[in-house]
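Ligands are counted one by one from 1 in listed order, and the atoms in each one are counted from 1 as well.
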Amino acid sequence: MIYYGKKLSSPGEYAQIPGEYRQAQDYTGMYDAAYTPSGTRNLLEPAITVTHSDGNNSLALKYVGHQVKQLNDDVSLLSVELKDPAYDFEVTLYYKSYYKEDVIEQWSVIKHHEKGNVQLRKFASANLCLKGKSYWLRQFHGDWAKEMQPEVSKLTHGIKTLDTKLGTRADLFQPPVFMISLNQPSTEDEGEVLYGALEWSGNFRFDLEVDPQNNLRIIAGMNNYASTYSLKPGEEFKTPPFITVLSNKGKGEASRQLQDWTRKYQIMDGEGSRLTLLNNWESTFFDFNEDKLKALIKDTRKLGVDLFLVDDGWFGNKYPRNSDHAGLGDWQANKKKLPDGVFSLVKEATKDSVKFGIWIEPEMVNPKSELYHQHPDWIIKQPDRPEYYFRNQLVLDMSNPKVQDFVYHIVDNLLTKNPGLAYFKWDCNSVIYNAHSSYLGNQSHLYIDYVRGLYKVLDRIRKKYPHIPMMLCSGGGGRVDYGALKYFTEFWPSDNTDPLERIFIQWEYSYFYPAIATSNHVTAWGKQPLKFRIDVAMMGKLGFDIDISHLSDKDLQFCREAVKTYDSFKNIVWHGEQYRLSDPFTNDVASVMYVDKTKSSGVVFSYLVNNRFGKGSKLPIRFKGLDASKKYRIEEINLYPGTKSTLKANQVFSGDFLMQIGFNPDVNAQRTSVVLKLEEVK
Ligand code: DGJ
């Protein structure tokens with residue numbers, strides 16, 4: 001790999017690039033290999049490590065040929081064939097390029113025709129080599145309610161590994177995304193920056209190695225931890241795609257490209273619409289019955305949102321799901337809480353002209369459940385060791401086709417019995433402890449075959465129900481990744497819905513995922529006023545999780561108006577371009593803007609994020625993404641009933657002014673959150 005950067009205008013000059021570098025000697029002649037094997041002359045971190053069927057550990061991969069297929073105007077697929085001269089072993093590297101969005105997906109397919117099985121010990125999807133003076137990593141860490149905490153550091157020589165070994169709720173501590181800025185940390189609008197993300201909902205591993213020549217080698221793929229894979233002759237081992245986008249105009253451009261790509265090619269129905277909703281989790285937890293839910297369905301209508309979503313707690317009879325200690329696995333409506341089952345609720349919702357959605361956590365089981373006693377062999381656990389629980393539950397063995405069938409039928413039965421059901425929230429609260437499958441002969445296949453099994457089920461569901469919206473949830477954002485998002489319309493970023501916290505969490509997610517995929521609910525978390533909470537939730541897919549019956553008349557009136565206001569601009573947020581204007585980490589006021597693709601309307605959200613005395617928007621905030629030659633009228637929207645904007649009405653500015661000088665939303669301790677609407681004046 002000789003170059004990774006902005007396209008050169010004369011393709012003939014690529015070959016001259018290596019001649020311009022006078023770096024330290026490459027002792028192996030393969031520091032910059034496109035897929036580095038091990039056991040021969042390589043001395044650095046490999047992309048692939050194998051043990052051949054005869055026990056030999058060496059691999060050499062030689063270029064055999066390549067092919068470029070133009071899939072359509074926007075997409076091409078390059079495949080590069082590599083073979084070992086000594087063994088009947090081959091790897092094909094795939095690079096799928098999306099020209100308009102500047103995104104590349106790459107993966108490998110590994111195959112052999114040796115006499116017996118080959119043991120794959122490492123099997124990366126991608127192996128990149130970047131050249132720069134220095135490399136600045138932006139990585140993310142987290143925990144429950146603390147998702148997407150950023151950390152920036154300069155990479156030093158050696159290897160920095162980002163990985164997870166948690167299995168199911170794989171991203172609890174670390175999501176499968178990162179950024180590398182070249183030469184200096186990039187800003188929103190300046191600097192060369194590479195985003196990387198893996199399409200995989202299980203253990204991943206990114207090795208970032210600054211090599212002896214000062215180049216950065218990135219080796220990304222599924223984690224090989226406890227996962228040596230035994231590959232039969234003739235069998236294909238396909239690794240999940242690794243996504244990159246490279247911008248030389250800073251983080252903003254890279255994320256707009258990735259967001260566009262995601263909407264167009266990756267998430268379910270990314271260019272479509274979404275349902276606003278009322279969820280009962282935070283207002284009732286497990287404590288509800290049919291009457292309560294029917295009242296909430298009425299509240300949904302009162303609020304003016306599209307759908308009511310019943311959360312955890314509706315199932316289990318012998319072991320009723322009245323807390324998180326029991327019931328998971330027994331997916332029959334609880335007869336005491338819902339004597340007429342789910343059907344009567346769907347019917348009630350339909351009568352009230354709202355849609356009805358339901359929560360499931362199909363991959364899990366509580367020891368206090370009928371399923372646990374009926375199918376102990378379906379559960380991941382060590383046969384001769386004590387069970388160890390995460391949220392009082394265990395994980396079902398998705399590598400087992402019988403379990404796959406069971407999980408598929410949870411969804412299929414609900415939809416067959418209740419054809420009016422309009423939405424699923426698919427939760428996944430537990431990590432894998434005591435990784436052992438009583439189905440698999442080879443235990444080191446479990447982590448990989450689990451995810452493959454999960455995808456098989458989701459494929460099957462999507463084949464039969466291609467359009468039903470589904471939220472990807474994992475005790476908050478424990479499974480937000482591009483592999484799963486192929487099957488889901490949206491994700492739950494965090495159980496932390498304190499709006500101040502959410503400004504930071506949503507800011508970081510927005511680098512990688514579009515607003516249409518980000519479910520934000522207004523809850524009782526945090527100390528901010530209702531308006532602040534709603535404004536923050538509007539920067540994505542709006543929902544509510546509050547007790548409507550406890551709202552004052554004025555608050556309820558405000559919520560209802562806010563839903564209508566949101567409906568009037570949601571398409572800009574969902575399908576437009578996002579610009580992060582003012583960073584909450586370094587400013588007293590955070591500001592985020594969305595502009596429609598024709599640059600004729602926009603919405604700007606600004607929040608006070610520092611509550612110290614006298615803090616506020618002292619300076620104008622420079623807008624972005626507008627047309628300098630157009631004129632825009634600015635209006636403050638989503639005002640709380642009875643309050644007036646402090647901004648002059650009907651102000652019109654040129655796009656040039658708004659982008660050069662900016663506009664002051666007048667955020668201060670009395671006006672902690674401000675939403676502005678921009679409309680082109682013709
Ligand atoms: C974790 C989710 O993140 C919450 O939103 C809620 O659905 C609970 N699980 C229910 O158990």
Side-chain angles (χ1 to χ4, degrees), residues 142-148 166 168-173 175 201 277-288 292-293 296 307-316 319-331 333-334 337 356-366 368-369 389-395 410-411 414 423-431 469-481 484 488-499 501-502 505-506 509 517-526 533 537 540-547:
D143 202 333
W144 178 76
K146 285 191 267 184
E147 290 83 348
M148 291 301 274
L166 308 185
T168 36
R169 192 181 173 173
D171 315 343
L172 179 63
F173 303 141
S201 310
L277 58 83
L278 176 68
N279 187 195
N280 69 313
W281 176 242
E282 300 268 335
S283 58
T284 67
F285 293 103
F286 297 96
D287 179 21
F288 58 81
K292 239 192 206 176
L293 293 187
L296 288 172
L307 176 129
F308 173 69
L309 167 64
V310 63
D311 215 283
D312 196 354
W314 59 269
F315 51 89
Y319 302 94
R321 181 77 172 163
N322 291 329
S323 77
D324 60 17
H325 283 79
L328 278 179
D330 302 346
W331 297 101
N334 177 277
K337 287 181 181 172
F356 189 84
I358 201 160
W359 177 97
I360 50 174
E361 193 181 2
E363 300 153 78
M364 303 289 158
V365 62
N366 283 124
K368 286 189 186 146
S369 70
Y389 308 123
F390 194 107
R391 208 193 188 206
N392 317 303
Q393 65 198 54
L394 292 163
V395 181
I410 296 169
V411 174
L414 278 164
Y423 185 93
F424 280 95
K425 174 176 177 182
W426 182 304
D427 209 342
C428 167
N429 283 287
S430 175
V431 302
M470 295 208 293
M471 183 206 281
L472 170 65
C473 176
S474 180
R479 192 191 250 174
V480 183
D481 69 77
F488 290 85
T489 45
E490 56 225 62
F491 65 85
W492 183 235
S494 178
D495 277 349
N496 187 340
T497 45
D498 175 327
E501 294 291 325
R502 268 299 183 112
I505 293 176
Q506 289 171 204
Y509 271 116
T518 316
S519 293
N520 301 328
H521 294 179
V522 177
T523 71
W525 281 55
R533 286 183 271 149
K541 210 216 79 167
L542 175 70
F544 290 80
D545 200 344
I546 42 174
D547 193 338

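- For the pair Arg391 and ligand 1, a heavy-atom separation below 4.0 Å is found.
- The aromatic rings of Trp426 and Phe488 stand perpendicular to each other, their planes meeting at an angle above 60°, with 30° marking the opposite boundary.
- Interface atoms of ligand 1 facing Asp311, defined by a heavy-atom separation under 4.0 Å, are 6 (C), 7 (O), 10 (C).
- Summary of contacts: the protein heavy atom closest to atom 1 (C) of ligand 1 is Asp427 OD2, 3.1 Å.
- Residues Asp495 and Trp144 have side chains that bring a donor and an acceptor to within less than 3.5 angstrom of each other.
- A 4.5 Å side-chain heavy-atom check between Asn520 and Gln506 finds at least one atom pair inside the cut-off.
- Taking only nitrogen or oxygen atoms, main chain and side chain alike, Asp495 reaches within less than 3.5 Å of ligand 1.
- Residue contact check: Gly476 has heavy atoms under 4.0 Å from atoms 3 (O) of ligand 1.
- A donor atom on one side chain and an acceptor atom on the other are found under 3.5 Å apart for Asp427 and Trp359.
- A cation-pi arrangement is found for Arg502 relative to Trp492, the charged atom lying closer than 6.0 Å to the ring centre and inside a 45° cone about the ring normal.
- Between Lys292 and Asp287 there is a salt bridge, with a side-chain nitrogen of the basic residue lying less than 4.0 Å from a carboxylate oxygen of the acidic one.
- Considering backbone and side-chain N/O of Trp359, one or more are found under 3.5 Å from N/O of ligand 1.
- Near Gly475, meaning under 4.0 Å from one of its heavy atoms, ligand 1 places the atoms 1 (C), 3 (O).
- Heavy-atom proximity to Cys473, at under 4.0 Å, picks out these atoms of ligand 1: 2 (C), 3 (O).
- Closest approach of Phe286 and Gly313 over heavy atoms only: CD2-CA, 3.8 Å.
- The distance criterion of under 3.5 Å between nitrogen or oxygen atoms is not met by Trp281 with respect to ligand 1.
- With a 4.0 Å cut-off on non-hydrogen atoms, Asn429 touches ligand 1 through its side chain and not its backbone.
- The atoms of ligand 1 that sit less than 4.0 Å from any heavy atom of Asp312 are 10 (C), 11 (O).
- Within ligand 1, the atoms closer than 4.0 Å to a non-hydrogen atom of Trp492 are 3 (O), 5 (O), numbered from 1 in the order shown.
- Using a cutoff of 4.0 Å between basic side-chain nitrogens and carboxylate oxygens, Arg391 and Asp324 are scored as salt-bridged.
- Within ligand 1, the atoms closer than 4.0 Å to a non-hydrogen atom of Lys425 are 4 (C), 5 (O), 6 (C), 7 (O), numbered from 1 in the order shown.
- Residues Pro320 and Asn334 approach most closely at CB-ND2, 3.4 Å, considering heavy atoms.
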